[in-house]
Novice: 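What follows is a structure written as structure tokens; I'll ask about it next.
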Amino acid sequence: MKTISIPGLNKRVTTLIQGSDYFRPSVYEKVCRVLDQYVAIGGNTIDTAHIYCGGESEVAIGVWMEERDNREDVVILTKGAHHDQNGPRVNPEAISKDLFESLERLKTDYIDLYALHRDDPAVPVSVIMDALNEHIQEGRIKAIGGSNWTTQRLQEANEYAANNGLVGFTFSSPNLSLAKPNEPFWTGCVSADSADCLWHQENQIPLLSWSSQARGFFTGRYTPEDRSNEDLVRVFYNEENWERLRRAEIMAKEKGVSTIQIALAYVLNQPFPTCALIGAQNAEELQSCYEGAKIVLTKEEYKWLEQV
């Protein structure tokens with residue numbers, strides 16, 4: 001499987017990152033089956049978060065790593081400082097609380113890739129970067145990034161870090177998919193637009209895309225007339241995306257692959273380092289992603305797909 005390099009890590013990161021928002025100890029056999037199959041096709045990076053399944057996602061992954069004795073072979077991407085019922089909590093206290101709890105659940109003493117799950121523009125980047133760098137200096141975190149941070153805030157944070165001898169953000173994790181959203185999935189979520197992609201290209205900062213396959217929009221299960229999935233209708237139903245789906249179907253037939261594999265290839269063929277977070281739940285879905293990740297698109301092909 002293809003890999004990318006993220007500054008701060010001495011391990012390569014596979015371009016397919018296995019998601020875990022359904023992992024729980026209560027379905028541990030399924031967790032093991034999926035992760036073992038993912039590793040078998042060459043994957044090494046697992047995406048989780050402090051809030052996933054109330055923390056049970058990290059617990060299940062920690063048990064799996066302990067049983068397999070493979071911590072050093074695995075890249076863990078976890079996220080913290082998500083808002084709660086009282087509002088934003090992107091502050092040093094919340095970052096520390098979530099990080100220490102994640103370390104305990106995952107049965108590890110360091111996180112490879114640590115991302116702030118949300119941003120709070122009311123908090124100066126200096127406060128945030130100072131706090132994260134303390135944990136880097138103590139060896140608890142290898143590399144830091146922003147999930148659902150705007151490129152403007154990422155740039156501001158990295159300029160502060162550079163001017164103060166600190167480690168900056170070396171990756172970002174917004175949504176990027178061939179289907180372009182009408183509005184955010186959830187409040188505070190960020191989807192990369194053309195300007196954001198240009199920023200990533202100019203800075204060559206890796207983008208790790210969540211919902212990289214647009215929550216099933218390209219599976220062929222949906223049509224303009226089928227409005228059964230309210231979230232999909234709200235976020236992705238527009239004329240431009242139906243045209244992108246049509247073009248992906250055309251290209252898929254030409255290349256002898258599936259439409260959803262073309263949608264995945266779009267994410268992985270950007271002019272900057274990218275990874276796709278995938279939600280595979282069985283061997284068939286993993287194999288589909290594996291084959292899709294091998295598709296090479298020219299600049300002209302991925303531009304034709306997106307620019308309608």
Side-chain angles (χ1 to χ4, degrees), residues 3-13 17 45 47-50 75-83 88-103 108-176 188-193 195-210 270-275 277:
T3 61
I4 67 167
S5 175
I6 295 181
L9 280 191
N10 59 6
K11 308 174 190 175
R12 302 279 295 181
V13 176
I17 298 176
T45 306
D47 166 65
T48 186
H50 181 268
V75 175
I76 293 294
L77 161 60
T78 196
K79 304 176 287 292
H82 195 282
H83 57 250
R89 46 191 297 280
V90 185
N91 57 66
E93 295 74 27
I95 291 169
S96 291
K97 176 182 180 296
D98 290 3
L99 174 60
F100 280 111
E101 289 180 357
S102 292
L103 289 168
T108 186
D109 56 3
Y110 72 96
I111 303 298
D112 302 279
L113 301 171
Y114 195 75
L116 298 179
H117 213 158
R118 291 286 192 275
D119 188 17
D120 181 1
V123 179
V125 293
S126 58
V127 173
I128 297 169
M129 300 308 282
D130 287 349
L132 288 171
N133 271 262
E134 287 183 17
H135 293 296
I136 292 173
Q137 291 165 9
E138 293 298 323
R140 302 182 192 106
I141 299 171
K142 300 299 183 184
I144 54 175
S147 178
N148 298 298
W149 276 52
T150 65
T151 52
Q152 290 82 5
R153 280 277 285 183
L154 292 169
Q155 181 70 34
E156 184 183 352
N158 280 358
E159 287 175 357
Y160 170 80
N163 291 334
N164 289 275
L166 300 176
V167 176
F169 287 137
T170 56
F171 69 95
S172 176
S173 185
N175 163 249
L176 173 64
C189 287
V190 172
S191 291
D193 60 19
D196 296 328
C197 289
L198 181 60
W199 181 86
H200 276 275
Q201 182 177 351
E202 291 173 344
N203 292 277
Q204 288 298 299
I205 289 181
L207 187 155
L208 318 182
S209 170
W210 56 265
Q270 297 294 316
F272 49 87
T274 56
C275 296
L277 278 56

Novice: Name the one of N148, D98, V90 that satisfies side chain to side chain contact (heavy atoms under 4.5 Å, CB included) with L116?
Specialist: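 Among the candidates, only V90 passes.
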Novice: Kindly indicate whether the side chain of R118, heavy atoms from C-beta on, has any atom under 4.5 Å from the side chain of D120.
Specialist: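 No. Closest side-chain heavy atoms not under 4.5 Å.
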Novice: Taking all heavy atoms of A192 and all of L207, pick out the closest pair and write down the distance.
Specialist: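 The pair with the smallest heavy-atom distance is CB-CD1, 4.1 Å.
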Novice: Whether the side chain of S209 engages the backbone of N175 through a donor-acceptor N/O pair (distance < 3.5 Å, no angle test) should be reported.
Specialist: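 No.
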Novice: Mind listing the closest non-hydrogen atom pair of H50 and G80 along with its distance?
Specialist: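 The pair with the smallest heavy-atom distance is CB-CA, 4.4 Å.
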Novice: Just verifying a value: how many Å separate C197 SG and E202 CD, rounded to the nearest 0.5 Å?
Specialist: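 Reported to 0.5 Å precision, the distance equals 11.5 Å.
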Novice: Provide the closest heavy-atom pair for I17 versus C275 in the form atom of the first, atom of the second, distance.
Specialist: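 Taking I17 first and C275 second, the nearest heavy atoms are CD1-CB, 3.6 Å.
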Novice: Indicate the atoms forming the closest heavy-atom contact of D196 with S191, along with that distance.
Specialist: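 Of all heavy-atom pairs spanning D196 and S191, the closest is OD2-O, 3.6 Å.
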Novice: To check you understand the geometry: which heavy-atom pair defines the closest contact between A143 and G8, and what is its length?
Specialist: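 Scanning both residues completely, I find the closest heavy atoms to be CB-CA, 4.4 Å.
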Novice: Please tell me whether Q155 and E159 have a donor and an acceptor in their side chains that are separated by less than 3.5 angstrom.
Specialist: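 Side-chain D/A pair, Q155 to E159: present.
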Novice: Set out, in order, the CA-CA distance, both residues' side-chain angles and the distance that settles side-chain contact (heavy atoms from CB on, under 4.5 Å) for R140 and Y110, then state yes or no.
Specialist: CA-CA 4 Å; R140 302 182 192 106; Y110 72 96; 5.7 Å; no
Novice: Give a yes/no verdict on a cation-pi contact between K142 and Y114, requiring under 6.0 Å between NZ or CZ and the six-membered ring centre and an angle within 45° of the axis.
Specialist: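 No, cation not above the ring by the 6.0 Å, 45° rule.
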Novice: So, taking the atom named CD1 in I141 and the one named CG in L99, what distance separates them when rounded to the nearest 0.5 Å?
Specialist: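 If we round to the nearest 0.5 Å, I141:CD1 and L99:CG are 5.0 Å apart.
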Novice: Taking atom NE2 of H200 and atom CD1 of I205, what is their separation to the nearest 0.5 Å?
Specialist: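 The distance works out to 7.0 Å.
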Novice: Apply side-chain contact (heavy atoms from CB on, under 4.5 Å) to D47 and K79, showing your working.
Specialist: CA-CA 9 Å; D47 166 65; K79 304 176 287 292; 2.5 Å; yes
Novice: Look at the side chain of T170 and the backbone N and O of I6, then say whether any donor-acceptor pair between them is shorter than 3.5 Å.
Specialist: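 No.
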Novice: How many angstroms lie between atom CD1 of I144 and atom CD1 of I136, to the nearest 0.5 angstrom?
Specialist: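 It comes to 4.0 Å.
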Novice: Does D112 pair with K11 as a salt bridge, N-O distance under 4.0 Å?
Specialist: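 Looking at K11 together with D112, the answer is yes, because their closest N to O distance falls below 4.0 Å.
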Novice: May I ask you to decide whether E101 forms a salt bridge with K97, counting only side-chain N to carboxylate O separations under 4.0 Å?
Specialist: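 A salt bridge is present here (some side-chain N lies under 4.0 Å from a carboxylate O).
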Novice: So does Q201 get a backbone contact from the side chain of Q204, meaning a donor-acceptor N/O pair under 3.5 Å?
Specialist: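 Yes; judged by distance alone, with no hydrogens or angles, the pair exists.
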